Structure formats: structure tokens, C-alpha cells
There are 2 protein chains.
Amino acid sequence: MPQRTEIATLGEFGLIDHLTKQFSITNPSTEKGVGDDAAVLSYPDKKVLVTTDLLLEGIHFDLVYVPLKHLGYKAAVVNFSDIYAMNGAPKQLTVSMGISKRFSVEDIDDFYAGLKLACERYGVDLVGGDTSASVTGLSISITCVGEVDSDKVVYRNTANENDIICVTGDLGAAYMGLQLLEREKIAFSGQEDFQPDFKGKDYLLERQLKPEARKEIIEALANKNVVPTSMIDISDGLSSDMLHICTQSKKGCRIYEDRLPIDYQTAVMAEELNMNLTTAAMNGGEDYELLFTVPASQHDDVVAIEGVKVIGYIAKEDLGCALITRDGQEFPIKAQGWNINDAI
Amino acid sequence: MPQRTEIATLGEFGLIDHLTKQFSITNPSTEKGVGDDAAVLSYPDKKVLVTTDLLLEGIHFDLVYVPLKHLGYKAAVVNFSDIYAMNGAPKQLTVSMGISKRFSVEDIDDFYAGLKLACERYGVDLVGGDTSASVTGLSISITCVGEVDSDKVVYRNTANENDIICVTGDLGAAYMGLQLLEREKIAFSGQEDFQPDFKGKDYLLERQLKPEARKEIIEALANKNVVPTSMIDISDGLSSDMLHICTQSKKGCRIYEDRLPIDYQTAVMAEELNMNLTTAAMNGGEDYELLFTVPASQHDDVVAIEGVKVIGYIAKEDLGCALITRDGQEFPIKAQGWNINDAI
């Protein structure tokens, strides 16, 4: 049996102290972190970026198959991804948690271990911590602060006609990882110590459970002096996020089905589940890849960056947004937004 | 019957748009608010303050007696209070909500109406909005960004020996308001359209349901060129928050019972409930008053500010923290921290 320390033995302030004391401050912009009414930051020469996410048990994660350490890592990384999507760099993080009695100090330690790994890997300081009781499960709220050079902020609403559309990494794998985990959960429901068969599917699991943000792409773009004309990170799926850029920029687009970057494991899994692979890549979501546009003149610069693919171009607004299939047909791209009825 | 529009009819993006379109940007430090991966802020000449709070239904609020509009107002104001406690001014706010199917668009509109009122009153811009489904009730996460002159940040850990201890407003009323609401809830449990008797208790209810942050005190201190040596806002109760200042400053303190500012209604209610009034004032919490220290030489400046009372002084660390009662006895001040076992 693993050790189980009740949170009540530490109390609120004891718990916060216990959780945060292992974090150190590394960024010069962090003047004061945890321990006062507010964190104190200094950004005299940069723009300040702020993004926030709320993660609720039963909606955003299922602890049956998500280890708490992975959850801590992912919760941080998805916020970093939002900062990179502005062409910035994440620097500070605050974490609030609502914790039910089901969880022990060791559980919360696991979550913070994942958080710490992410903070170290991406060079981010933890500057605020708040914990509270919860009547139902785990609620996590993360806010990330980042910086960007004043003349290098990249918005969603500034794509230009004839820009080329680029995407990093590959698409649909995180979604397939989720399908795989859900399938194994149902198959082994009720059994203790089950050993699901994930052979040859490790990439799908990693993409779902431990995604990375595309720090190195932002650095590579900066090295080549490329500032995208528009950018977003793919959290809701390529379709949804492409439509955000097009709608806000008042433009249309053409995406080529045969250009969509898809990993071999994703394709195999789609076949196994009898799912349409293109639909998974377009609408799967949780890829945390970057979707951006640059002028066609910068084509050679961007394709020289490892992991960047050109998948289409920005068109006039009245041409709408469409996917061009392998056989040359045009299908309108539709949003697959979140709907509150998805909640059980 | 009031109108009830299901949130599903708007969808996530429709709901965010519906909720945020009525807010306008008023601060020059806000370059980009809602609508991208992150808000973009500019603070070239000030320090940036960041504070965050997680509010969970069943722990931090009870919708049986808390109207959603008041909840929106209070959720914003308690964050502003944290920024004032650093001697700063709140400027931007992000709000994330997890919403169960129990809530309609009109409910969320009420919450946002309260939020808007608070933002207008305190001059704060809404710069980020996120909504999600929730399997259980309402979860609210608020992050507030503020600014402060570089040389005027006030921390908790910088109180000096012989400083006088000041508190604003009065103490214990919000706690008594909560007791009153809980009593009426139990008395009228199961009855529809109950009309509880709150006559002569309006101040207690206002303090509990619609607290204010002490903006005008921070402005008055600035007008008198007084920068407190330490400051905190009273959210957990005077005892707890005084101990934060003393522990972090490595000092002791003496607080005089007969100096504690207490409203008449608070005293009447304590009598009615047969509760110790001093305990309510010391440990009640949710006062959102400012507790600060200044050198004794600034005594006359601070007492000239309406609403500021001197309640004691900072002592050597080895003298500990004590309350001096009316009859001259010393009682050690103890923390009344939050405990996860308080959750039902």
C-alpha cells in the first residue's frame, strides 16, 4: 500500500508551504512569488501575456487513466502553449486547486511533481498557490504569464490573403490516444490491477497524457526572423482553430487533405476503430501544435524548420473555408465547438 | 416564471461572446482583451501584480442565499482587495467558469452583471473569459492583474518593531451576516418563497453578500505620501492575517481588545446568537479590510483618514503575538486557518 497522509494533518497554509517550497525562482521578471497577497512581476521592456484555464475532474480529465503527475505536467503545458501561440515565452504560473477528501498529500505531491517538471523544462516560475476544500473531486485553475517583444505579438485576426498556412508536428494522435484509453477503460471496467495492451501505441498515449508545447518552433522562427502574420495553438481541433483565424481575419482558406501531417500510429488506430482518419486529424483536438500563417515569400524559411508543414493557403473571405480532398472535391470546414451537453 | 435559455443553444464560443461583448476596455495598459490565446498587457513603468482565486459551490458560496449577481460582484472584489493589499490598483481580470446543466444563460448573465458592476466601479477591464461544462455545480476561477509604482510595493514581511498596527472599517460583520443567512436557511428549509426577517440587519448582509475593497484608503494613503511598512487584506480573519505579517516579518505584536472596530449590528447579532463578540471580530474573516503597519511617527497622518483605526503595535519577535483584553490580560493570538475537513 502506498503511504497516505491526510491533507488535514498539514492544514491549508502547511499544505501550500509543503507544495511550493521545492520550487525556485529563475526568471529576472519574477520579483516576488508565492507568499503574499499577489505576485510581483517586472516587465519594463516587454508586453505581458496572460492566459488562464480551468480543469475539472469528469470534464477535462478522468483519473481512472490519467496519472496525477501527468495531469500536473499537462495542465501547465497547455497554458504554455497559449503563450507560445502569441509568439511569446511563458515565465510565471499560478495554480489553484479545489481538493476533495478522496485525495491525500501524496496525490497532490504527484500533481506538483508533474507541474515542477513542466516548469523546469520550459523555464517557468511558480508564483502563486492556493488550495481549498472541494465537495466533489479535483478542480484546477492555472494562470500563466508570459512575455513577448513589443513588436512581435502575433494575433489571430491578422492573416492576409495568399498567406500560406503552416502547422507543426502531426494531428489527431492525442484524440486517438483518448479513444484508446476509453476503450481499455470500458474493457477492463471493474477489474483491479488491469494491464491494458498499449503495445505499439505509446506515441498516442504520450500525445494524450503528456503533450508538449512548441517552444522550439517559436525559437526557430525567431532565429529566422520570421514573425507569422497570424497564429493560434490547436486545442479544439484544426477545423475549429483554423476557423478562428479566418473568421477573425475576415478571410477564407483552402486546406489540402493530402498535406495533413498524420503519424503512422494515428492511422493504424483509426483503421482499428473504423474511424475516418481525416476527421480525426481535422477535429480531434488537444494537439497543442501551432497553426500559423506567413507570406508566401517566407515559404522556404518555414519549411526548413523541422516539424513545420505547409497545408494550405488563405483565400478571400467570400470563398469561405474549405478542405480539398484527395480527389479534388471541396468540403466546407465546420467548427466542432465544445457544448455543455457533452457533460454527463 | 423567469425566462430560461439553455446554454447549449449558444455553445461555448457563442456564450463567451454573449457574456463579454457588453464589457469595454478602459485602461491604457490593456492592449488586447478577450478573443485570442492570451491577453496582451503593457506595463513599462510599473510593477505587475497577479493574484488568483478559486471559488467552488458548496465550499465558498451557497446559492440558496447568495444571488448570482452578488456572487459575481464579490468574486471580483475579493481579488481587487488582494491587489490593494500590495498598495496597488487592479486593472485587468480574467474569469473562468465551470457550469453544470442546472444553470441557464440568464443565470450566467446575472453573474456577469455583478462582475460588470464591480469592474466599472473599480476601473478594471475584463480581458479573458473561459467557460466549460461541469458535472457538479458552479466553479469560478478569477485572476486579477494590477499595477503599482516600482518603489511603492508593500509586502507582508517588512513590519518593523514599534510600528503601529492599523485596520480599516470594522470587523466581524461579514461573519455575522453568514451566521444570519445560515440560521434563516435552516429555519425556512423546505419552504418555498420564504421571506426571512432581516430587519435591522442589512449591514451584516451587505458585508457578507456584497463586500467592497478599500480603494479609497489606498488613494488616501497615497495622497498623504504614506507607504505602509507592511500590509495584508483581512480575508481569513484578523488573527490569521496579523500572524501572517508577524511571522513573515519575524516580529511579535500587541492588539488591544478595546480598540477593535466593531459595528453596532455585529454586536447585537453576537448577543442574539450568544457568541463571543471579540472572537467574531478576531476570527470571523471575509472582512476584506486592510491591515497595515506604519512607523509611529505617521500616527496623525493615518488616523486622519476616515475609516482607519490604530489597534496595537508591533513588538519584538520573542514577545509573541497577543491580544490585551479589556481587563489587561494577555491572550496569545492563534491562527484559524482553513482546514479541508471543513468540507462536508
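So you know, we letter chains A, B, ... as the sequences are listed, proteins then strands, and number each from 1. The structure presented is a predicted model; accordingly, all values stated were derived computationally and were not measured.
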Quiz prompt | Proximity breakdown for B:Val95 and chain A, heavy-atom pairs closer than 4.5 Å | solution = neither
Practice problem: Side chain from CB out, backbone as N, CA, C, O: work out which of these in B:Ile232 comes under 4.5 Å of a heavy atom of chain A, or both, or neither. | Solution: both
Self-check item: Structural part of B:Leu54 lying under 4.5 Å from a heavy atom of chain A
Solution: both
Quiz item: Looking at A:Leu56, A:Ile59, A:Ile140, which hits side chain to side chain contact (heavy atoms under 4.5 Å, CB included) with B:Ser139?
Solution: A:Leu56
Quiz prompt | Intermediate values then yes/no, side-chain contact (heavy atoms from CB on, under 4.5 Å), B:Thr136 and A:Val135 | solution = CA-CA 9 Å; B:Thr136 50; A:Val135 282; over 6 Å; no
Quiz item: Which region of B:Glu57, side chain (C-beta onward) or backbone (N, CA, C, O), has a non-hydrogen atom less than 4.5 Å from a non-hydrogen atom of chain A, or is it both or neither?
Solution: backbone
Practice problem: Check whether any side-chain heavy atom of B:Leu41 lies under 4.5 Å from a side-chain heavy atom of A:Val50, and answer yes or no. | Solution: yes
Practice problem: Would you name the heavy atoms of A:His60 and B:Ser132 that are closest together and state the gap between them? | Solution: CE1-OG, 3.0 Å
Practice problem: For B:Asp37 and A:Arg156, work out which heavy atoms get closest and say how close. | Solution: OD1-NH2, 3.2 Å
Quiz item: Looking at B:Gly98, B:Ser42, B:Gly128, B:Gly35, which makes the most heavy-atom pairs under 4.5 Å with chain A?
Solution: B:Gly35
Self-check item: Reported NE2-to-CG distance for the pair A:His244 and B:Asp36, which is rounded to 0.5 angstrom
Solution: 10.0 Å
Quiz item: Tell me, side chain or backbone of A:Val127 under 4.5 Å from chain B's heavy atoms, or both, or neither?
Solution: neither
Quiz prompt | Interface residue of largest heavy-atom contact number with chain B, from A:Ala85, A:Gly14, A:Ser29, under 4.5 Å | solution = A:Ala85
Exercise. Find out whether B:Lys32 and A:Asn157 are in side-chain contact, i.e. whether some heavy atom of one side chain is under 4.5 Å from a heavy atom of the other.
Key: yes
Exercise. Measure B:Asn79 against the heavy atoms of chain A and call it side chain, backbone, both or neither at under 4.5 Å.
Key: neither
Exercise. Against chain A, work out which of B:Val40, B:Asp130, B:Thr51, B:Leu49 has the most heavy-atom pairs shorter than 4.5 Å and name it.
Key: B:Val40
